[in-house]
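Structure first, then comments.
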Amino acid sequence: ACPVSGAERTSQEIWESFSQCFTPAVKEVVEFAKGIPGFQGLSQQDQVMLLKSGTFQVLMVRFCTLFNAGERTVTFLNGQTYPLSTLRALGMGSLLDAMFEFSEKLGSLGLEPDEMALFMAVVLVSADRSGISDMWAVEQLQEGLIRALRSLITRRRPDDTALFPKLLLRLPDLRTLNNLHSDKLLAFRID
Amino acid sequence: PKTHRVMTLADHISHIITQDFARNQ
């Protein structure tokens, strides 16, 4: 992370930076999806529909490591770190508050990187099914991924029987985040 | 003065995904 940025960047520049960080992150989710076993076996239309519905939620999981609950700072993917107070002044308060709350809940589960990756795959294929042409294929893919996630977690922590259900409870949290915040506005400078 | 393209996060995500799949067809 870079040192906290202060007065040398204008509000507009910070907002542009925040907006721009989503572009490479979305592209990474598309590449991630292509690597999920079975995802490219879906029709291209269904792959696109799941990505459009689920990418925001995958990004919420991906971004939760950028939130420092102790310091109350957020690190953007370009390396800039800002205190929450600065970002609130730009009007990002409600989205960031929700992301802080979500990242604390998910962080408390202590997932390993491979568990987090498999959880992100489950999040993506559990996204809204409006517009999906082959529901059965998507459900089969989802069931397989959930089984794999359960197996990985219970094998690694056989005594923590509450962990997997707690993890699945994050799915409705993500849907709520999506419904409340995906209509937030971004601004990209046109040179 | 700077000009900005403004869109929702959902629309931006949708746009990137559509571009990516069109490029790879």
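In what follows, chains are A, B, ... by sequence order, proteins preceding strands, each numbered from 1.
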So, for [X] and [Y], which heavy atoms are closest and what is the spacing to 0.1 Å?
{"X": "A:His181", "Y": "B:Leu9", "result": "O-CD2, 4.4 Å"}
{"X": "B:Ile16", "Y": "A:Lys27", "result": "CG2-CG, 3.7 Å"}
{"X": "B:His12", "Y": "A:Ser19", "result": "NE2-O, 4.5 Å"}
{"X": "A:Asp183", "Y": "B:Thr8", "result": "O-CG2, 3.5 Å"}
{"X": "B:Ile13", "Y": "A:Leu51", "result": "CG2-O, 4.4 Å"}

TODO: I would like to know whether B:Gln19 and A:Val26 meet side-chain contact (heavy atoms from CB on, under 4.5 Å); could you show each step before the answer?
DONE: CA-CA 11 Å; B:Gln19 264 192 331; A:Val26 173; over 6 Å; no
Task: Interatomic spacing from CD in A:Gln45 to CZ in B:Phe21 - rounded to 0.5 Å - done: 11.5 Å
Task: same_hphob_cluster(A:Met135, A:Phe39) at 4.5 Å side-chain heavy-atom cutoff - done: yes
- [ ] Could you check which of A:Ala187, A:Ala25, A:Ser53 has the highest count of heavy-atom pairs closer than 4.5 Å to chain B?
- [x]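 Of the options given, most contacts go to A:Ala187.
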- [ ] Examine whether an atom of A:Glu31 lies under 4.5 Å from a heavy atom of chain B, and if so say whether it belongs to the side chain, the backbone or both; otherwise answer neither.
- [x]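 For A:Glu31, side-chain heavy atoms alone lie under 4.5 Å from chain B.
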